[in-house]
Every structure is written in C-alpha cells, then in structure tokens.
Amino acid sequence: DIIKTLTKSQLTIDGGFLDAPIIVSSNHERHILNSLRIQQCANQRNQIVLRWKNPLTDNTIEKLDNICQEVAYKVLPELYGYFMIGTPCYLHDNINASEGLANGTPIVLHSIKFNNIDDEQKVINDISISKIGDIIDIPIPSYINVKVPSLKNRDWPQNLNLATKVEGDNNDVIIPLTIKSSHTTSVILDKKNKNLNISYKSFHYDVGYAITYEKTEGQTMKHVILDLNHRPRKLGKISFNSLYVGFP
C-alpha cells in the first residue's frame, strides 16, 4: 500500500498529489518539470504564473553576444524565475542556518514586491487582463516574500517578520528574499560542441514540484512521485538505494 501507480485524477487538488514533488536525478530534469508543473497547478488552482528572466552575471554577458544570450534563455529553463501564490519551494542557500533558514528548508511563495512603482502597476494591469493558467512575463521583482512553515509558532523577531504587517497575528513567519544568489550552468551553444559555463543570479529558492533525491534527505513528505520507468541513460537512474526517505 506504500507504493502505488499514479493516476491522472490524483494530479488534481482533490487527488492529493498536486503538490507532491517528483523525485529526479538531475538538475536539468528538475528545472524542466518545475516549469511545466507550475503552469499545470495554476490551471488547477485558478491562478496565473508570473515569470521573469534571471539576470546573467557581468562575466557571462562579456562572453556571449546578444544572439547567444537569447539562445541560452530558450534552452536553459533555470534562467527563468517563477512565482505563483502558494507554490511549494525550497531554499537553496544557507541564509541563516542557525535560525532555521538553511539550504533545503521548505518554504511557500506568498507575495512579491516592486520598488519601482511603474513596474508594479504594469504587472497589476497585465494580471487584470490575464486568463487562468497564463504565464505573464514581468520585470524582476525587488523581493519575493515567502512563508517558512518550520518557523511557525517560534519566537521569531517581530521586526523581521512580515506576517505582522500583512496577515495579522497568526504565528506565521514571512520573510523577504532578494536576488543575490549566483549559479553556474553549462550549455552547448556553438557548432564545436564546446560546453560554455553560464552564470546567472536568482532568488534564494527553487520551485519544489520536482526535486533531486539529494534534497529529500531529512525531509518529511506526505507524498512523493517516483518515475520508475525506463529512463534515458543521460538522465541517470532512480533507485530506492538513492533515496533518503523513510516509509512508515
């Protein structure tokens, strides 16, 4: 009864598996699945998805001309950031590990903030004419506000908690994340089949609809999705020996 074949009806709000993470073996696979599933979930939850281009670092911009930069954005899903209210995510940096904000900490997307009033008004206008399930391309937000469920009911400093300002006294902890974290990925962009390292900046979180099995270590999850079918060799194999998950 622990392992069951997943049905399409279970990937719905009532089916219990809509937010269940798909366990994968590669970051590239993770990014592709997250970009697909966040739109699927938006349709299920009657929401829209906000998307922006993660900025390339100065060194990468110097290496790539404008055409190569556009190609990179087309073939590398990790170069985009996503936001949808209520999306399960994970921190990918140790922001303050001693206080519970460590790499792998589960979080939930709450809201976004723009310092530029014109950017904020444009996003509001675009949302007002959008349809359920639409992906809206937006400027890079100034902050992404996230709930940290593991910190709920803890003695968190009130001056560092946005929940007191936007939600009232319900013991939630909401913190802002900025776009400071830098990552490096590789892609083949020329006919010589040479890997190019592309560095970009992003907010301190990853969407959590698909995660690598290393990220499951120490996590408590009600459901997970495993692809145990035959997989292309380049994607790597998923095996129970690779999973740090204890089944009750």
Side-chain angles (χ1 to χ4, degrees), residues 6-24 28-54 70 73-92 106-149 162-163 165-168 170 172 174-177 179 202-211 221-225 227:
L6 188 66
T7 63
K8 186 176 181 180
S9 63
Q10 289 176 303
L11 287 173
T12 62
I13 292 178
D14 297 327
F17 279 80
L18 186 61
D19 287 337
I22 303 173
I23 309 300
V24 299
H28 185 64
E29 186 180 14
R30 172 173 64 85
H31 289 302
I32 291 175
L33 287 173
N34 275 325
S35 65
L36 295 173
R37 287 202 69 203
I38 194 170
Q39 187 174 22
Q40 177 192 32
C41 291
N43 281 297
Q44 288 284 331
R45 292 199 164 95
N46 298 325
Q47 293 196 49
I48 50 90
V49 178
L50 304 181
R51 179 179 70 175
W52 58 89
K53 288 183 176 180
N54 287 324
E70 288 304 313
Y73 279 108
K74 288 181 179 179
V75 300
L76 294 172
E78 59 263 46
L79 293 186
Y80 284 90
Y82 292 90
F83 176 88
M84 181 182 72
I85 295 173
T87 298
C89 299
Y90 294 89
L91 293 179
H92 61 210
I107 58 174
V108 179
L109 299 186
H110 178 273
S111 54
I112 62 175
K113 171 67 177 176
F114 292 93
N115 288 335
N116 186 298
I117 300 299
D118 292 335
D119 286 347
E120 181 175 308
Q121 190 58 52
K122 181 181 184 306
V123 173
I124 292 174
N125 292 339
D126 288 345
I127 291 175
S128 68
I129 59 175
S130 65
K131 302 186 297 294
I132 291 172
D134 280 352
I135 294 180
I136 303 175
D137 289 310
I138 66 171
I140 300 171
S142 301
Y143 302 96
I144 303 290
N145 300 320
V146 301
K147 285 185 180 181
V148 189
L162 297 179
K165 301 178 181 178
V166 300
E167 300 241 324
N170 59 5
D172 280 329
I174 300 175
I175 63 170
L177 299 179
I179 191 163
S202 71
F203 287 90
H204 297 277
Y205 70 86
D206 290 318
V207 174
Y209 290 123
I211 61 175
M221 302 174 181
K222 185 176 181 180
H223 299 297
V224 297
I225 300 173
D227 182 4

Find the distance between [atom1] ([X]) and [atom2] ([Y]) and round it off to the nearest 0.5 Å.
X	Y	atom1	atom2	result
I107	C89	CD1	SG	5.0 Å
C41	D19	SG	CG	6.0 Å
Q47	D134	CD	CG	12.5 Å
R37	Q44	CZ	CD	10.0 Å
I23	L33	CD1	CG	11.0 Å
L76	H28	CG	NE2	7.5 Å

(request) Answer yes or no: is there an ion pair linking K122 with D126, defined by an N-O contact shorter than 4.0 Å? (result)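 So K122 pairs with D126 through a salt bridge.
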Taking side-chain hydrogen bond (donor to acceptor under 3.5 Å, both in side chains) as the test, write out the residues that go with [X], two or more places apart.
X	value
N116	none
Q40	none
H204	D93
D137	R51

If you look at every heavy atom in [X] and [Y], which pair is closest and at what distance?
X	Y	answer
K131	I48	O-CG2, 3.1 Å
A42	G133	CB-CA, 4.2 Å
N115	S142	N-OG, 2.9 Å
S130	I127	OG-O, 2.7 Å
G208	P21	O-CB, 3.6 Å
P141	W52	CD-CD2, 3.7 Å

State, yes or no, whether a side-chain contact exists between [X] and [Y] at a heavy-atom distance under 4.5 Å.
X	Y	result
P88	Y209	yes
I179	N54	yes
V148	L91	no
V49	I136	no
N34	D206	no
V146	H110	no

Just distance, no hydrogens or angles: give the donor-acceptor pairs under 3.5 Å from side chains in residues 78-87, sequence neighbours left out.
{"unit_1": "E78", "atom_1": "OE2", "unit_2": "T185", "atom_2": "OG1", "d": "2.8"}
{"unit_1": "T87", "atom_1": "OG1", "unit_2": "M84", "atom_2": "O", "d": "2.8"}

(message) Is it true that, when you exclude Y143 itself, more than 12 heavy atoms of the residues, nucleotides or ligands shown sit nearer than 6.0 Å to its OH?
(response)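 No.
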(request) Report yes or no: do Q39 and N43 form a side-chain donor-acceptor pair below 3.5 Å? (result)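 Not at all, the side chains of Q39 and N43 share no donor-acceptor pair under 3.5 Å.
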(message) Using the salt bridge (charged side-chain N to carboxylate O under 4.0 Å, His left out) criterion, which residues pair with K113? Sequence neighbours excluded.
(response)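 Here no residue qualifies.
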